[in-house]
Number of protein chains: 4
Amino acid sequence: MSSSPPSRGRPRDPRSHEAIVGAVNELLAEVGYAATSIGAVAARAGVGKDTVYRRWRGKPELVFEAVFTTTDLAPTPDTGTLAGDLTALLQGLVDEFEAPAAAAALPGLLADFAADPVLRTRIRDHFLAPSKQRLAAVFERAAERGEIGSDTPVDLVLDTLAGAVFFHIGLVGESPDPQLAGRLAAVIAKGIEIR
Amino acid sequence: MSSSPPSRGRPRDPRSHEAIVGAVNELLAEVGYAATSIGAVAARAGVGKDTVYRRWRGKPELVFEAVFTTTDLAPTPDTGTLAGDLTALLQGLVDEFEAPAAAAALPGLLADFAADPVLRTRIRDHFLAPSKQRLAAVFERAAERGEIGSDTPVDLVLDTLAGAVFFHIGLVGESPDPQLAGRLAAVIAKGIEIR
Amino acid sequence: MSSSPPSRGRPRDPRSHEAIVGAVNELLAEVGYAATSIGAVAARAGVGKDTVYRRWRGKPELVFEAVFTTTDLAPTPDTGTLAGDLTALLQGLVDEFEAPAAAAALPGLLADFAADPVLRTRIRDHFLAPSKQRLAAVFERAAERGEIGSDTPVDLVLDTLAGAVFFHIGLVGESPDPQLAGRLAAVIAKGIEIR
Amino acid sequence: MSSSPPSRGRPRDPRSHEAIVGAVNELLAEVGYAATSIGAVAARAGVGKDTVYRRWRGKPELVFEAVFTTTDLAPTPDTGTLAGDLTALLQGLVDEFEAPAAAAALPGLLADFAADPVLRTRIRDHFLAPSKQRLAAVFERAAERGEIGSDTPVDLVLDTLAGAVFFHIGLVGESPDPQLAGRLAAVIAKGIEIR
DNA sequence: CTTTAAGCGAGACGGTACGTCCCGTCTTCTT
DNA sequence: AAGAAGACGGGACGTACCGTCTCGCTTAAAG
């Protein structure tokens, strides 16, 4: 029963939303996260600052939505083996993090989220949630096949995978080892398999 | 035979150095990384801002040195098994990251390092170097025992371990799973062992 | 028909302007010109520094406007004699320079104006312009009465009068000879009269 | 009988004194009074800052001595007429003020002297004293010749002359009217003559 | 002929002010 | 009511000087 607000007065212009999101992505790639100020975003988007603050609470939320909203759509991989599924999942993470705007935004974004108690609680829920969901499905099928136990810790593995990818892409910055996903998946898959 | 510079003029007062480092650690724990401004550090240390800038190029370098300089001294673990050595190594990482000042500083510090091309190259060299050295020694002994191959990728494993710990402590923020080191070590050790 | 600019955005608050000007006058009288920093002015006025810099380029312009804007309104004296007119004019200069804020500001203000090539050209135009205009009118009437020639050099006399007053008030600092205006006017009037 | 101090320890090197004075004059002409900092002077002179502070109390005293010490030597003019003597005296003032270092220093120097109660009292005594002495001698002879009364106010005339020259040279900055001395002397002489 | 004291170049020291940038809020007019 | 514009109070930035201090060294007079 989502009651939409009464909606009096002038409705929000959806073109502003798009212009802002576009400006954020451009600025992230051009000047980095720190220099992507709300004022600069608004100016680039041809929009007033209030129009930004009316839609987002601050820079972290704005950047997060601008950068990480196209990714929830990937299908859960189903290659028939745990290692294969993990490789596919990881490759998705790598691709997502490797986009110029995302790579530029990630470290600063995580820092801002970590610094705010309110935002910190949302990291798992909103930042890694889609990946976690897919990882859980992968584990479920692997457990059915008998490759792993049914109590394999999803969070531990997810943190491990995400942390490894983050360290490679966010902090080293070079175009990463193209085999990163496969090699990492192999180690983890072997590490959690039964026997 | 390192020839120290001729050292003309008044030498720098080591008490200033200590006072600054102490102020940084206090402020990190009290107000966090973002609010730990150079000006606040100088005021807390009873020191002029120039005295800070004379010794460090900026906040990232200052905080890094203030927080992560006591750690290079840990001995390389030698428990007789790969899993045991990894657990000990990881526990060191966890302990290091878990200190209040370190936990408060880590995400912002990594973001600032990642944003600066010059600093980014130093991350591996100075931030993870001691851990990498110890990990390599652990791998060497494990290879001699026949537990792993001699070509086991140190960097991949180090990123994986550090990333996992960082994600747990820096981003979740709660007092982490006390068994984190052991569980993670078990997975990785099994993942890289021969057979 | 001065067409004011389109005036988009929030207009500047005239109360800020008044608060700043008031703070400048208070600080000049209390701590002098050198210690009247922009930061102190802003703090005293309860205003951000940008609000000051948005209106004035720097301290000299700010102080000049704060101190010397009430004076353009004096009427041109017309006592019937050159000496009388000069006395009245000089008394106006003395009164203007003698105000606590003005006396405190004058030497430093002239120094800052003199040091900047751009500002230096404005001294005559904006600082002495009203006085020059009145002096020219006085000379014109005196020439019509036959007291002086029509080619009497206005600038020379103006510099002489202003310089004398400045030296007395700005540099000696004591409450000056109350007869200064009259005695100086007598000398100058006699010096430029025909015969 | 001024007893020179016992003079123990190493005597002051007179070459430092000369180097400092030379550096002040160079810097005044090159970068102006405001930018002629004690630190810059010391660096230019190849001298430590303390060596400057040991000899002078601060910038105003230093600059004053560096710029206005060669002038006390001019002889008192004696042309036979008041106007002639005044012209010669004024030309001396003009020449003194017109020197690049002096013209650059004057406004700021007067401002600093005026701002300090201690220094302010010295202005007449040390800054204008030589000129005042000569002017008094000129007046005495003119009174003996019957050109002026014996009660002609020396200070008033001196302020008037100095103020006019200062305003012309210090504030306008252009190379001044070469006839300034003569024209101004004519006006003043006529203004104070009997009849 | 050594002590002692001051001068000296260098530069670190605690402060203060600079002028700029960005924050998130507010106030105007326009749509 | 939303929007573009931009002013607002606040605070941090990194730099430049201030006038004092602390080094190691040099230079002379005093003991």
Side-chain angles (χ1 to χ4, degrees), chain A residues 5-13 15-16 34-40 42-43 45-55 57-59, chain B residues 6-13 15-17 19 34-43 45-55 57-59, chain C residues 6-13 15-17 19 34-43 45-55 57-59, chain D residues 5-13 15-16 34-40 42-43 45-55 57-59:
Chain A
S7 176
R8 296 200 303 169
R10 175 177 175 175
R12 291 185 185 167
D13 189 337
R15 288 173 304 177
S16 295
T36 300
S37 65
I38 299 278
V47 143
K49 282 200 290 181
D50 273 8
T51 301
V52 179
Y53 281 110
R54 210 172 280 125
R55 290 153 211 267
R57 177 181 288 273
K59 186 162 92 165
Chain B
S7 174
R8 295 196 300 179
R10 176 177 175 175
R12 294 187 182 164
D13 191 335
R15 288 174 303 177
S16 297
H17 195 107
T36 298
S37 66
I38 301 274
V41 168
V47 144
K49 280 202 291 179
D50 271 10
T51 300
V52 180
Y53 281 110
R54 212 173 279 127
R55 290 169 166 76
R57 289 174 61 84
K59 188 162 89 165
Chain C
S7 173
R8 296 196 300 180
R10 173 177 177 175
R12 294 187 182 165
D13 191 335
R15 288 174 303 177
S16 297
H17 195 105
T36 299
S37 67
I38 300 276
V41 167
V47 143
K49 279 201 291 178
D50 271 12
T51 300
V52 179
Y53 281 109
R54 213 173 278 126
R55 291 168 166 76
R57 290 173 62 84
K59 190 162 87 164
Chain D
S7 173
R8 297 202 303 172
R10 175 178 176 175
R12 292 185 183 166
D13 189 336
R15 288 172 304 176
S16 297
T36 300
S37 65
I38 299 278
V47 143
K49 282 201 289 179
D50 273 8
T51 300
V52 179
Y53 281 109
R54 211 172 281 125
R55 291 153 211 266
R57 176 182 287 271
K59 188 162 89 163

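Throughout, protein chains are lettered first and strands after them, A, B, ... in sequence-line order, and every chain is numbered starting at 1. Note that the coordinates shown come from a computational prediction; the quantities given were computed from them, not determined experimentally.
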Residue met sooner reading DNA chain E from 5', once A:Ala35 and C:Gly9 are mapped to nucleotides: A:Ala35
Reckon D:Gly46 touches a base, only the sugar-phosphate, or nothing at all at heavy-atom distances under 4.0 Å? sugar-phosphate
Hey, is the side chain of B:Ser37 poking within less than 4.0 Å of OP1 or OP2 on F:dC13, counting only N and O atoms? yes
What integer distance in Å separates D:Arg10:CZ from F:dT27:P? 6 Å
Pairwise distance CZ(C:Arg54) to CZ(C:Arg12) - rounded to 0.5 angstrom: 7.0 Å
Considering just the side-chain nitrogens and oxygens of C:Thr51, establish if one lies under 4.0 Å of OP1 or OP2 belonging to F:dG9. yes
Provide the closest heavy-atom pair for C:Ile38 versus C:Gly58 in the form atom of the first, atom of the second, distance. CD1-C, 4.2 Å
Between B:Ala40 and C:Pro11, the residue closer to the 5' end of DNA chain F by nearest nucleotide is C:Pro11
Could you pick out which residue, C:Asp13 or D:Ile38, lies toward the 5' side of DNA chain F when each is mapped onto its nearest nucleotide? C:Asp13
Check if the side chain of C:Arg8 and the base of F:dA5 share a donor-acceptor pair of N or O atoms closer than 3.5 Å. no
Side-chain N or O of C:Arg55 closer than 4.0 Å to phosphate OP1/OP2 of F:dC8: yes
hbond_proxy C:Lys49 side chain to F:dG10 base (donor-acceptor, 3.5 Å cutoff): no
Does any donor-acceptor pair link the side chain of C:Asp50 with the base of F:dC8 at a separation under 3.5 Å? no
Out of F:dC13, F:dA7, F:dA2, which has the shortest distance to the side chain of B:Tyr53? F:dC13
What are the 5'-most and 3'-most nucleotides of DNA chain E lying under 4.0 Å from any heavy atom of chain A? E:dC22 to E:dT31
Sidechain-backbone polar pair: C:Arg55 side chain, C:Thr51 backbone, donor-acceptor under 3.5 Å: yes
Terminal axes of the helix from E:dC1-F:dG31 to E:dT31-F:dA1 (5 end pairs apiece), angle rounded to 10 degrees, sit apart by 20°
So which atom in A:Ala40 and which in A:Ala35 form the shortest heavy-atom distance, rounded to 0.1 Å? CB-O, 4.4 Å
Minimum heavy-atom distance A:Lys49-A:Gly39, with the two atoms named: CD-CA, 3.9 Å
Answer yes or no: does a side-chain N or O of A:Ser16 lie under 4.0 Å from OP1 or OP2 of F:dA2? no
Between C:Arg54 and F:dC8, is there a contact of a side-chain N or O with OP1 or OP2 at under 4.0 Å? yes
